[in-house]
Amino acid sequence: MLFSLCLKAQVKHKIIHRHYSLALSIANGKKVYMQTCVSCHQVDGGGVQNMNPPLIKTDYVLGDRTRLIKIVLNGFNENAEINGQTYSNNMPSHDFLTDKQIADVLTYVRNSFTNKAPAITMAQVKVVRAVNKKP
Amino acid sequence: MKINSLLSIVLPFAVIPALILTKPSKSTQPVVADNAGLTVPPGFSANMIASNLGIARHIAVTPNNDIYVKLNHVKDGKGILLLHQSDGKAEVVGGFGNYGGTGMYIKDGYLYASSDEDVYRYKLNDKYEVIDPNSPEKIVADLLNRREHESKSIVLDNDGNVYVNVGAYSNSCQVNDREKGSMGRPGCPILDSAGGIWQFKADKLNQHYGDGVHYTKGLRNVVGLDWNQQLNQLFVMQHGRDQLHDLFPQYYSVHKSAIEPAECLYALKEGVNAGWPFIYYDQELHKKMVAPEYGGDGVKTVDDKYIDPTVAFPGHLAPDGLLFYTGNQFPEKYKNGAFIAFHGSWNRAPEPQAGYFVVFQPFKDGKPYGDWEVFADGFAGTAEQKASGRAEHRPCGLAQGPDGSLYVSDDTNGAIYKITYGK
């Protein structure tokens with residue numbers, strides 16, 4: 001009886017903790033976003049027609065985590081088509097951001113602007129940074 | 001009816017950011033209902049004569065009122081549309097040119113068009129129709145297109161020359177483009193083949209850089225340009241640099257960065273240098289400033305090595321169209337003055353975005369005469385759409401009709417507006 005109560009409390013704690021972490025990461029990520037990303041990608045994540053790509057409902061944001069982390073670390077200057085549109089401005093490297101800042105800001109982006117995707121963790125950023133080669 | 005009531009709610013708010021942002025204009029602009037969503041000065045009216053054309057960049061109107069529209073992306077296999085006007089509307093009656101681009105200009109029996117690399121011309125018949133749409137003459141080839149500032153705007157003088165903008169493939173010639181704190185490349189080697197205006201012969205085929213004249217240096221990117229017939233001189237609107245605060249926060253506040261540097265109107269002569277990327281123009285101090293990438297700190301000024309702008313506008317409004325008015329339809333004060341289409345900002349975030357209007361700068365005896373004023377506003381839609389940058393329409397190209405009407409293209413929803421006076 002006692003044991004099962006304990007287990008329940010533990011599980012509950014874990015769930016609360018996980019939710020808290022996500023909310024905190026999103027909140028911290030928003031701060032990074034507003035300092036570092038907003039001028040190009042805009043407050044609503046919609047980007048700028050022909051120039052800066054949107055972060056809304058695109059595979060670049062919602063898809064492969066490694067590719068997404070690499071874009072932040074290395075920048076992006078390819079002639080990519082995103083949902084039928086092209087974007088001409090160069091994105092610089094943001095490797096000056098810490099693993100935590102990158103994890104937070106990507107978690108924010110993946111959970112804002114109607115996006116819904118799993119968080120990015122510091123550990124994931126650390127792994128990608130360790131093997132990252134700049135193009 | 002719906003639009004009328006919506007406008008009466010929205011417009012008073014829409015005017016507020018414009019007043020905060022800009023110098024107060026001398027003439028007040030009363031709300032005039034039902035001008036295709038635009039406000040225009042008393043006595044003028046605006047009509048949307050076409051819509052959904054595609055990404056409508058620059059436009060040219062023939063002496064018989066037909067309209068050529070250059071599309072930035074090919075739509076249904078066509079990069080140039082021909083529109084014919086009747087009953088207050090303009091219908092697409094033809095299309096050709098399998099390339100996207102910006103430039104569109106008519107001169108001496110030819111239609112000139114540009115892709116993001118080349119300049120073409122098409123001979124017109126006596127009805128101003130293109131005689132052979134599938135075989136244009138390529139007059140300029142292989143200009144640089146490295147994605148950023150890729151459009152090649154064009155205009156012709158009265159002596160058989162075409163002027164072409166080649167925008168710099170960079171924001172401020174940093175070692176690493178747009179990277180925080182990255183300094184400027186020494187001497188900015190980009191300037192040998194971009195960041196300026198080149199002059200070519202209008203009737204010579206397949207010219208490359210070496211065949212032309214490197215007419216003006218130090219212009220970051222020009223989209224709006226026009227030949228001033230009164231002065232017989234080229235005028236251009238430069239898109240000023242972005243991101244002073246993002247790149248050098250130690251020198252520039254978010255607010256300073258939202259309103260600086262100026263978007264500048266320059267009167268050009270062969271051989272002059274406007275100073276990009278080494279300087280920018282501060283629209284509040286009215287000074288040429290050393291760019292932070294080249295040792296500037298937001299305070300250091302530059303003396304007279306580079307030309308001064310003719311008029312300096314608030315930052316980031318993105319001037320995409322320039323037209324000196326030579327018609328007789330509009331009141332006398334508009335004669336020989338400059339209309340400028342401001343596409344609208346993005347680099348003011350997190351401050352509200354601005355622009356999305358056509359302004360008028362009066363001129364007298366070839367010089368600016370008094371302050372510029374907002375001529376046509378409301379392209380963006382609601383105040384919220386304007387502030388967020390999610391504009392419904394964005395003014396881009398300007399053209400004058402044979403009767404003196406002013407045409408404005410919109411490259412967001414592909415509309416063409418016709419603005420007339422006293423009709």
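Throughout, a chain's letter reflects where its sequence line sits, starting with A, and its residues are numbered from 1.
- A search for side-chain contact (heavy atoms from CB on, under 4.5 Å) contacts involving A:A27 returns nothing, not counting sequence neighbours.
- Contacts between A:N77 and chain B at a heavy-atom distance below 4.5 Å involve backbone atoms as well as side-chain atoms.
- In this structure, B:K180 places its NZ atom where only 12 or fewer heavy-atom neighbours from other residues, nucleotides or ligands lie under 6.0 Å away.
- A donor-acceptor pair shorter than 3.5 Å cannot be found between the side chains of A:S93 and A:N74.
- Annotation: maximal heavy-atom pairing with chain A below 4.5 Å, among B:R394, B:H245, B:R390, occurs at B:R390.
- Using a distance-only test at 3.5 Å, with no hydrogens or angles considered, no donor-acceptor pair links the side chain of B:H343 to the main chain of B:C396.
- Using a 4.5 Å cut-off between heavy atoms, B:Q174 makes no contact with chain A at all.
- Taking the six-membered ring where the residue is Trp, A:Y60 and A:F76 present perpendicular rings, their angle passing 60° and hence far from 30°.
- For the residue pair B:V223 and B:P319, the shortest heavy atom distance occurs at CB-O, 4.0 Å.
- Among B:H149, B:R178, B:E150, the residue making the largest number of heavy-atom pairs under 4.5 Å with chain A is B:R178.
- When heavy atoms are compared at a cutoff of 4.5 Å, A:D44 approaches chain B solely by way of its side chain, counted from C-beta outward.
- For chain A, the nearby part of B:H73 is the side chain; its heavy atoms alone come within less than 4.5 Å.
- Of the atoms belonging to B:R146, not a single heavy atom falls under 4.5 Å from chain A.
- In this structure, chain A has a heavy atom under 4.5 Å from the side chain of B:D246, while its backbone stays farther away.
- Using the six-membered ring where Trp is involved, B:F248 and B:Y251 have ring planes that are parallel, under 30° apart on the 30 and 60° scheme.
- Proximity to chain A involves both the backbone and the side chain of B:T412, based on heavy atoms less than 4.5 angstrom apart.
- Ranked by heavy-atom pairs under 4.5 Å with chain B, the first of A:V43, A:V38, A:N79 is A:N79.
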